[in-house]
Amino acid sequence: TIILDSITEMDSASIIMPPPPSAVIEVRIPAETLPVTRLQKTIDSETQSVQVLITDLEPGLLSFSIAHSRPDANIRISHVKLPDGSTDGPFGQQWSFQAQQKGNYTFVIEKSNMASGSQVGDLFITIEK
């Protein structure tokens with residue numbers, strides 16, 4: 001007699017489950033293509049983040065803003081990683097700053113753990129130099 005259990009036999013429920021969404025939505029933008037207006041990304045889960053990498057950014061003023069398809073969405077610019085490896089943040093949904101270093105800047109967008117509400121839905125990103 002052979003006894004099958006979930007350790008030796010794959011559970012049929014796992015076959016129909018969809019794969020989890022990627023934890024990070026990555027966007028790469030060369031600085032020479034700025035400005036970018038209303039770049040759309042869709043956040044599918046509460047654990048996802050959007051990381052926007054701006055490559056070869058020259059020093060100067062940069063404005064970065066986000067909007068959501070739902071006005072009550074819990075979403076913010078969590079932090080920015082600077083070319084020297086340091087970070088700054090958190091910020092709100094709009095941020096203007098004077099870039100002091102030439103190089104790559106990574107902006108991380110995600111929900112605030114200090115607030116309630118969902119981040120799931122369409123995100124719109126605008127970046128102006």
Side-chain angles (χ1 to χ4, degrees):
T1 303
I2 298 174
I3 299 172
L4 297 177
D5 61 22
S6 62
I7 295 172
T8 58
E9 187 72 21
M10 183 167 30
D11 187 350
S12 62
S14 65
I15 295 171
I16 59 172
M17 297 295 291
S22 173
V24 177
I25 299 169
E26 295 179 340
V27 180
R28 185 182 184 99
I29 301 172
E32 67 265 8
T33 65
L34 295 177
V36 171
T37 56
R38 288 190 60 86
L39 171 67
Q40 181 180 344
K41 294 294 171 185
T42 300
I43 299 173
D44 295 321
S45 80
E46 298 300 335
T47 59
Q48 278 184 314
S49 67
V50 177
Q51 294 186 6
V52 179
L53 171 64
I54 301 175
T55 60
D56 298 322
L57 184 66
E58 294 285 341
L61 185 64
L62 185 76
S63 297
F64 195 104
S65 65
I66 58 174
H68 200 279
S69 56
R70 292 187 359 266
D72 64 339
N74 176 2
I75 195 78
R76 68 175 177 172
I77 304 164
S78 171
H79 61 278
V80 61
K81 183 177 178 185
L82 305 172
D84 65 6
S86 65
T87 60
D88 194 6
F91 309 102
Q93 294 186 355
Q94 294 150 5
W95 185 47
S96 292
F97 77 103
Q98 189 71 30
Q100 300 292 323
Q101 307 166 33
K102 177 180 168 61
N104 298 337
Y105 288 75
T106 302
F107 293 83
V108 179
I109 304 164
E110 58 194 358
K111 75 184 288 182
S112 170
N113 292 329
M114 303 298 287
S116 62
S118 176
Q119 70 171 358
V120 173
D122 292 329
L123 175 70
F124 302 97
I125 302 167
T126 300
I127 308 167
E128 298 174 334
K129 175 101 171 97

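Heads up: numbering here begins at 1 and tracks the sequence.
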Note to self: For Thr55, give me all partners under side chain to side chain donor-acceptor pair (under 3.5 Å), at least two apart in sequence or on another chain.
What the structure shows: none
Checklist line | Pairs satisfying salt bridge (Lys or Arg N to Asp or Glu O under 4.0 Å), at least one member in residues 47-68, at least two apart | finding: Glu58-Lys102
Notebook entry, point to check: Can you check whether Ile75 reaches Gln93 side chain to side chain, under 4.5 Å on heavy atoms?
Noted result: yes
Margin query: Run the side chain to side chain donor-acceptor pair (under 3.5 Å) test against Ser118 and tell me which residues pass, sequence neighbours left out.
Written below: Glu46
Item checked: Heavy-atom pair with the smallest gap, counting every atom of Leu57 and Ala99 -> CD2-CB, 4.2 Å
Next item on the list: Report yes or no: do Leu53 and Ile77 belong to one cluster of Ile/Leu/Val/Met/Phe/Trp/Tyr joined by side chain heavy-atom distances under 4.5 Å?
Entry: no
Next item on the list: Check side chain to side chain contact (heavy atoms under 4.5 Å, CB included) between Gln94 and all other residues, then give those that pass, not counting sequence neighbours.
Entry: Ser65
Check: Which residues satisfy the salt bridge (charged side-chain N to carboxylate O under 4.0 Å, His left out) test with Arg70, sequence neighbours excluded?
Finding: Asp72
Checklist line | Connected via hydrophobic side-chain network under 4.5 Å: Val120 and Val24 | finding: no
Item checked: side chain to side chain contact (heavy atoms under 4.5 Å, CB included) assessment of Leu62 paired with Ile54 -> CA-CA 11 Å; Leu62 185 76; Ile54 301 175; 4.1 Å; yes
Checklist line | Closest non-hydrogen atom pair between Val36 and Thr33, with its separation | finding: CG2-O, 4.4 Å
Next item on the list: Check step by step if side chain to side chain contact (heavy atoms under 4.5 Å, CB included) holds for Phe124 and Ile66.
Entry: CA-CA 6 Å; Phe124 302 97; Ile66 58 174; over 6 Å; no
Item checked: ring-ring contact (aromatic ring centres under 6.0 Å, His included): pairs with one or both residues in residues 57-94, sequence neighbours excluded -> Phe64-Phe107, Phe91-Trp95
Check: Who passes side chain to side chain donor-acceptor pair (under 3.5 Å) against Ser63, sequence neighbours left out?
Finding: Ser96
Note to self: With salt bridge (Lys or Arg N to Asp or Glu O under 4.0 Å) as the rule and sequence neighbours excluded, what pairs involving residues 80-98 come up?
What the structure shows: none
Item checked: ring-ring contact (aromatic ring centres under 6.0 Å, His included) pairs, two or more places apart, involving residues 37-57 -> none
Next item on the list: Mind checking side chain to side chain contact (heavy atoms under 4.5 Å, CB included) for Gln98 and listing every partner two or more places apart, or none if nothing turns up?
Entry: Leu61, Gln100
Notebook entry, point to check: With sequence neighbours left out, which residue pairs that include part of residues 113-128 fulfil the salt bridge (Lys or Arg N to Asp or Glu O under 4.0 Å) condition?
Noted result: none
Notebook entry, point to check: Of all residues at least two apart in sequence or in a different chain, which pass the side chain to side chain donor-acceptor pair (under 3.5 Å) check with Ser78?
Noted result: Glu110
Item checked: 4.5 Å side-chain heavy-atom contact, Ile43 and Ile109 -> no
Check: Hey, are the side chains of Ile125 and Val50 touching, using non-hydrogen atoms and a 4.5 Å cut-off?
Finding: yes
Margin query: Restricting to non-hydrogen atoms, name the atom on Ser49 and the atom on Val108 that form the minimum distance, rounded to 0.1 Å.
Written below: CB-CG1, 4.4 Å
Notebook entry, point to check: Under a 4.5 Å cut-off applied to non-hydrogen side-chain atoms, are Leu39 and Ile127 in contact?
Noted result: no
Next item on the list: Look at the side chain of Gln119 and the backbone N and O of Gln48, then say whether any donor-acceptor pair between them is shorter than 3.5 Å.
Entry: yes
